[in-house]
Amino acid sequence: MKKVTTGMIILFLLLTVLPHQTLALGVSARTAILIEQESGRILYEKDAHKKMRIASITKIMTAILAIESGKLNETVTVSERAIQAEGSSLYLQKGEKIKLEDLVYGLMLRSGNDSGVAIAEHVGGSLEGFVVMMNQKAQEIGMTNTHFSNPHGLDDHEDHYSTAYDMAILTQYAMQNETYRKISSTKVYRAPNPNEKWDRVWRNKNKLLTSMYKYSTGGKTGYTVRAKRTLVSTASKDGMNTIVVTLNDPDDWTDHMNLHNYAFEQYDLVKLKGQGTLNKIGNDFYKGKVFIKRDIVYPLTTKEQSKVKIDIQLQKPERDWEKVENVPNVVGELSVKIANKNVANVPVYFDNGEVEKPKGSFWELFKRIFFIASGVNQHG
């Protein structure tokens with residue numbers, strides 16, 4: 001079955017209760033996880049909820065906060081504190097003025113710790129203020145086993161940690177942002193150098209992206225003496241997008257390629273229900289008047305594809321609903337089960353003129369053909 005390409009990011013699910021497959025290959029990492037990006041379904045994990053040092057993959061949070069600040073075009077004045085940051089560096093100079101956007105590129109491609117501090121001070125008002133923002137964002141997106149103490153990931157605090165699972169959630173969140181995707185996937189970037197006649201040229205440290213893996217779409221490398229090698233990578237093939245996180249992994253390049261390939265080989269990205277009007281509604285009051293606002297797309301093995309069931313539960317119409325304006329926006333719920341395990345719930349809307357209704361598309365025709373051809377059991 002061909003994989004289905006979708007431009008919609010499905011936000012209704014980060015995790016499912018369906019068991020993921022067991023890999024017939026070894027993973028060298030102390031902890032690891034593989035997820036499908038749109039649904040968040042876990043396809044493989046190894047101690048994914050264990051708290052670990054994460055090194056420079058911390059900078060994914062720093063980058064997305066800088067991007068979301070709306071200040072990328074602002075000019076940053078580099079402080080003394082920024083240039084004193086140890087480890088990997090962009091070799092910024094005290095007092096130099098540099099565009100925030102350039103700092104984010106330097107942060108992600110060359111992992112500049114000086115850049116991380118400069119970004120934090122500009123976006124958060126101070127490094128400490130930015131750290132508060134990092135932890136607030138972590139809570140907001142569901143990173144329940146994470147605590148940030150700095151914007152770069154250096155081992156200067158004992159309470160700076162995360163998990164493979166939490167970093168996958170963060171990456172899934174960041175990949176919804178077009179600017180982040182662009183920066184993360186950039187191989188080479190040039191930035192003006194105010195003190196020299198030549199531009200700074202930054203080449204991405206992510207070898208998967210630059211030379212090793214043709215399906216790579218980005219990610220972030222990391223290393224400290226205590227954290228060892230950490231790596232986040234994203235990949236895409238035939239419309240399926242995947243995220244891999246490994247912590248303390250001596251063979252991370254190989255592990256990441258194997259994990260992404262495993263997802264692409266074992267799973268198809270299946271469109272279970274298309275956005276738009278719901279057909280086969282038994283209640284005459286609702287016929288032709290109820291719809292869902294997004295496609296439901298999910299990664300499935302070949303065996304799972306024959307076990308899909310879709311059910312629609314609608315409220316009993318009330319007397320005063322004779323007037324369309326009295327009908328609530330949401331009148332029910334559509335649920336998707338696979339092998340009797342619930343994997344998705346989306347609201348069902350009534351066409352009362354208050355909720356924008358998705359326009360019909362090619363997928364309405366495709367859906368009918370797909371379900372007939374595949375034998376998927378569809379209710380509603």
Side-chain angles (χ1 to χ4, degrees), residues 54-127 130-131 133-134 148 150-154 156 170-171 174-175 177-211 216-224 227 229-234:
I54 57 174
S56 284
I57 61 174
T58 296
K59 291 165 182 165
I60 295 173
M61 177 63 86
T62 302
I64 192 60
L65 286 176
I67 293 166
E68 291 182 343
S69 73
K71 299 178 179 181
L72 289 185
N73 288 322
E74 293 186 4
T75 299
V76 178
T77 300
V78 178
S79 71
E80 176 73 23
R81 188 175 189 180
I83 66 170
Q84 289 180 349
E86 298 178 354
S88 182
S89 178
L90 300 183
Y91 304 102
L92 301 173
Q93 299 180 34
K94 181 182 178 181
E96 81 164 89
K97 298 184 183 303
I98 182 171
K99 196 175 179 181
L100 181 62
E101 181 181 32
D102 293 336
L103 287 175
V104 177
Y105 272 97
L107 179 84
M108 290 297 291
L109 273 64
R110 296 305 301 168
S111 205
N113 294 329
D114 50 356
S115 177
V117 175
I119 290 170
E121 291 180 329
H122 187 79
V123 174
S126 67
L127 188 150
F130 187 79
V131 168
M133 293 173 61
M134 296 174 77
F148 294 108
N150 61 56
H152 40 58
L154 289 174
D156 54 2
L170 173 59
T171 304
M175 288 296 286
N177 186 288
E178 182 180 359
T179 301
Y180 176 85
R181 293 196 303 272
K182 178 183 177 182
I183 294 173
S184 179
S185 64
T186 297
K187 296 180 180 181
V188 180
Y189 184 78
R190 291 180 176 272
N193 189 336
N195 300 310
E196 301 292 345
K197 295 181 180 180
W198 56 85
D199 289 343
R200 292 181 167 114
V201 179
W202 297 320
R203 291 179 171 79
N204 203 316
K205 289 185 176 182
N206 181 359
K207 292 183 180 180
L208 294 178
L209 178 70
T210 59
S211 61
S216 174
T217 58
K220 183 71 190 75
T221 60
Y223 175 82
T224 66
R229 292 178 65 90
T230 64
L231 181 62
V232 173
S233 71
T234 58

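Everything numeric in this text was worked out from a predicted model, so none of it was measured. Just so you know, these numbers use all the heavy atoms, side chains as well, and skip hydrogens, waters and symmetry mates.
The side chain to side chain donor-acceptor pair (under 3.5 Å) check on T217 picks up T234, with sequence neighbours excluded. Partners of E178 under the side chain to side chain contact (heavy atoms under 4.5 Å, CB included) rule, at least two apart in sequence or in another chain, are R181. R229 pairs by the salt bridge (charged side-chain N to carboxylate O under 4.0 Å, His left out) definition with D252, not counting sequence neighbours. Residues meeting the side chain to side chain contact (heavy atoms under 4.5 Å, CB included) test with A174, sequence neighbours left out: I60, I64, Y180. Scored by the side chain to side chain donor-acceptor pair (under 3.5 Å) test, T77 finds K97 as partners (sequence neighbours excluded). For E96, the salt bridge (charged side-chain N to carboxylate O under 4.0 Å, His left out) partners are R200, not counting sequence neighbours. In terms of the side chain to side chain donor-acceptor pair (under 3.5 Å) criterion, S185 has no residue partners (sequence neighbours excluded). F148 is linked by a ring-ring contact (aromatic ring centres under 6.0 Å, His included) to H160, counting only residues two or more places apart in sequence or in another chain.
Pairing each heavy atom of A85 with each of V117, the nearest pair is CB-CG2, 4.1 Å. Scanning both residues, V123 and S69, for their nearest heavy atoms gives CG1-CB, 3.8 Å.
Note that CG of L90 and CD1 of I98 are 7.0 Å apart. Values are rounded to the nearest 0.5 Å. The distance from the OG1 atom of T75 to the NE2 atom of H122 is 8.0 Å, given to the nearest 0.5 Å. The distance from atom CG of L109 to atom OG of S115, rounded to the nearest 0.5 Å, is 10.5 Å. The distance from atom CZ of F130 to atom CE of M61, rounded to the nearest 0.5 Å, is 8.5 Å.
The salt bridge (charged side-chain N to carboxylate O under 4.0 Å, His left out) contacts involving residues 99-127 comprise K99-E101, where partners must be two or more places apart or lie in separate chains. Residue pairs meeting the ring-ring contact (aromatic ring centres under 6.0 Å, His included) criterion with at least one member in residues 88-121, sequence neighbours excluded, are Y105-Y189. Among residues at least two apart or in separate chains, salt bridge (charged side-chain N to carboxylate O under 4.0 Å, His left out) pairs with a member in residues 66-85 are E68-K137, E80-K94, R81-E128. Residue pairs meeting the side-chain hydrogen bond (donor to acceptor under 3.5 Å, both in side chains) criterion with at least one partner in residues 201-210, sequence neighbours excluded, are S88-K205.
Between H152 and L107 the shortest side-chain heavy-atom distance does not fall below 4.5 Å.
In this structure a side-chain-to-backbone donor-acceptor pair under 3.5 Å is missing from S56 to T221.
Looking only at atom types and distance, the side chain of K220 has a donor-acceptor partner in the side chain of S111 under 3.5 Å away.
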